[in-house]
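Encoded as C-alpha cells, the structure appears first; notes follow it.
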Amino acid sequence: MVLDIWKQINRNKIESIYLLYGKESFLINETRQLLINKILNEEEMDFNYSTYDLEETPIEVALEDAETFPFMGEKRLIILQNPVFLTSEKSKGKVEHNLSKLESYLAEPAPYSTVVFTAPYEKLDERKKITKELKRKAVIGEAKRLSEPELKNWIKDRAIGNGAEIGEDAIELIVTLSGTNLFMLTSEIDKLVLYAGDARKINAEMVDKLVARSLEQNIFTLIDKVVHRKIEEALRIYYDLLKQNEEPIKILSLIAGQFRLLYQVKELARRGYGQQQIAGYLKIHPFRVKLAAGQAKYFSDEELTNTIQLIADADFQMKTGGMKKELLIEMILFQLNNKKA
C-alpha cells in the first residue's frame, strides 16, 4: 500500500526501484513529491531529476540516464511514466522498448539512482515475464481508492502534518461534505489549517462554516431534508442552487442518480451483499454506499420505483417544454415530502 511506502520514505529508507500503479493519481503524485523532497534539494533538481513518458521514449534511453553518475549531488531520481508494456493494453505510440535492457538493469540497479515506474492502470499483466521480474525487484505501491478508515486516518495525518489537530466529528463531516476526492480534500484540509491559526485545532463548526459543498453533496443534503420532512430547508437548498446558475435539468439528473443509487443499494443489500461488495459492484466509494444505505431505509421499494418514474416524467416534460423547468422540480420535492409525511 502506498501509505506504508510514505512511512518508509519519511524514515529516510529509500529504495532503488519503485513501482506505483493504480487509478488514484493523487497517491502516485504525492509519493513522487515525497521522494523528490527526500532525495534532492532545489539546486540538484536541474541536474539529477528526470521524467520520461514511456509512450514516447524507449526504456533503454531512460535507463542510460539512470546509469549516469549524479552531478553536484549524491543521488539521481528518474520517473518513468506510462509503462504500458506491463499491461495487456496496446501502446498508443510507436515506441519499441528493449526490455532485455530493463531486465539487466533490474538485476543490477545503479546504487546512486532511484527509478520510479508510475503506472496509472488498474491492473498489470501478471503473465508477462517483465511484469513478474519488476514486481520481484521493486517496492510495490498500489494506488487504490482508500477505504473509509484509511481515508479518515489520512485526513487526520494530513492535518497533523500541517501542525493541527482535527476531531473525529470534524473528520466525519468533512468527508460527508466534500466526498472522497483526495485532491479536493487536500485543499479543504489546508484551508482549515490556515483558518485554525495559532489554536491549531479544527472542529466540526469550522468544517461546516468553511468547507465547500459540491453540487452532488447539495443534492444529497436536499434529499436528506426531504427524507426527514424538512421541505423548507430542502427548497432553500434548491433555490440556492438556482441562484448559483445551476441548470434545473442538471439538478434533476443528479436527483435521479441519487434515487437510482438508493434503489440499487437497497436491492443489493437485500440480496446479501455487504457495503464493500456493493461498492465494488457499483464502482463507487464504500462511503457513498454507507450514506445511501442510511437514506434508502426511509423508502419502500414501491416508493423508490414511483419516485424514479416521477423524475423520468419530469425529465420528459423538461425536454419537451411541457412546463417551466424550475416548477417541475419544486413539484417533485413537494410530492416527495407528502409521501414521507
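Start at 1 with the first residue, then count along the sequence. For the numbers below, each heavy atom of this structure counts, side chains included, while hydrogens, waters and symmetry mates do not.
Between the side chain of Ser113 and the backbone N or O of Pro109, no donor-acceptor pair lies under 3.5 Å. No side-chain donor-acceptor contact under 3.5 Å links Asn82 to the backbone of Val84. Remark: side-chain polar atoms of Glu303 are paired, donor with acceptor, to backbone N or O of Ser300 under 3.5 angstrom. Side chain of Tyr52 to main chain of Leu63: no donor-acceptor pair is present (N/O by atom type, distance under 3.5 Å, no hydrogens or angles). Formation of a donor-acceptor pair under 3.5 Å by the Arg76 side chain with backbone atoms of Phe47 is found in this model. Of the possible donor and acceptor atoms, one in the side chain of Asp125 sits under 3.5 Å from a partner among the backbone N and O of Arg127. When atom types are taken as modelled, the side chain of Tyr105 and the backbone of Ala110 share a donor-acceptor pair closer than 3.5 angstrom.
The neighbour count for Lys191 NZ, taken as heavy atoms of other residues, nucleotides or ligands under 6.0 Å away, is above 12. Other residues, nucleotides and ligands contribute more than 12 heavy atoms inside 6.0 Å of the NZ atom of Lys135. Remark: Glu74 CD is loosely packed, at most 12 non-hydrogen atoms of other residues, nucleotides or ligands lying under 6.0 Å away. More than 12 heavy atoms of other residues, nucleotides or ligands sit less than 6.0 Å from atom CD of Glu43.
In the hydrophobic cluster analysis, where Ile, Leu, Val, Met, Phe, Trp and Tyr join through side-chain heavy atoms closer than 4.5 angstrom, Ile17 is grouped apart from Phe69. Cluster annotation: Leu182 and Ile155 are assigned to the same hydrophobic cluster (Ile/Leu/Val/Met/Phe/Trp/Tyr, side-chain heavy-atom contacts under 4.5 Å, transitive).
For the atom pair Asp315 CG and Ser253 OG, the distance stands at 7.5 Å (nearest 0.5 Å). Atoms CG and CG, on Leu80 and Asp65 in that order, are 9.0 Å from each other to the nearest 0.5 Å. Of the inter-residue distances, the one linking Ile311 atom CD1 with Ile329 atom CD1 reads 9.5 Å to the nearest 0.5 angstrom. The CD1 atom of Ile79 sits 6.5 Å away from the OG1 atom of Thr118 when rounded to the nearest 0.5 Å.
Arg270 and Glu267 are joined by a salt bridge, as a carboxylate oxygen and a charged side-chain nitrogen come within less than 4.0 angstrom of each other. Salt bridge Lys13/Glu15: present, at least one basic N to carboxylate O contact under 4.0 Å. With salt bridges taken as basic N to acidic carboxylate O contacts below 4.0 Å, one links Glu168 and Lys156. Using a cut-off of 4.0 Å between Lys/Arg side-chain N and Asp/Glu carboxylate O, Lys128 and Glu133 are scored as not salt-bridged. Using a 4.0 Å cut-off between charged side-chain N and carboxylate O, Glu30 and Arg158 make a salt bridge.
Aromatic pair Phe183/Phe26: centroids less than 6.0 angstrom apart. Tyr263 has its ring centre no less than 6.0 Å from the ring centre of Phe299. Under the 6.0 Å cut-off for aromatic ring centres, Phe117 and Tyr18 do not qualify, their centroids lying 6.0 Å or more apart.
None of Leu254, Val227, Ile237 except one satisfies the side-chain contact (heavy atoms from CB on, under 4.5 Å) rule with Leu222; the exception is Ile237.
A donor-acceptor contact under 3.5 angstrom links the side chains of Gln217 and Thr221, judged on distance only. Judged purely by distance below 3.5 Å, without hydrogens or angles, the side chains of Gln258 and Gln295 pair a donor atom with an acceptor atom.
Nearest heavy atoms, Ser178 versus Met184: O-SD, 3.5 Å.
The shortest side-chain heavy-atom distance between Tyr49 and Glu44 does not fall under the 4.5 Å cut-off.
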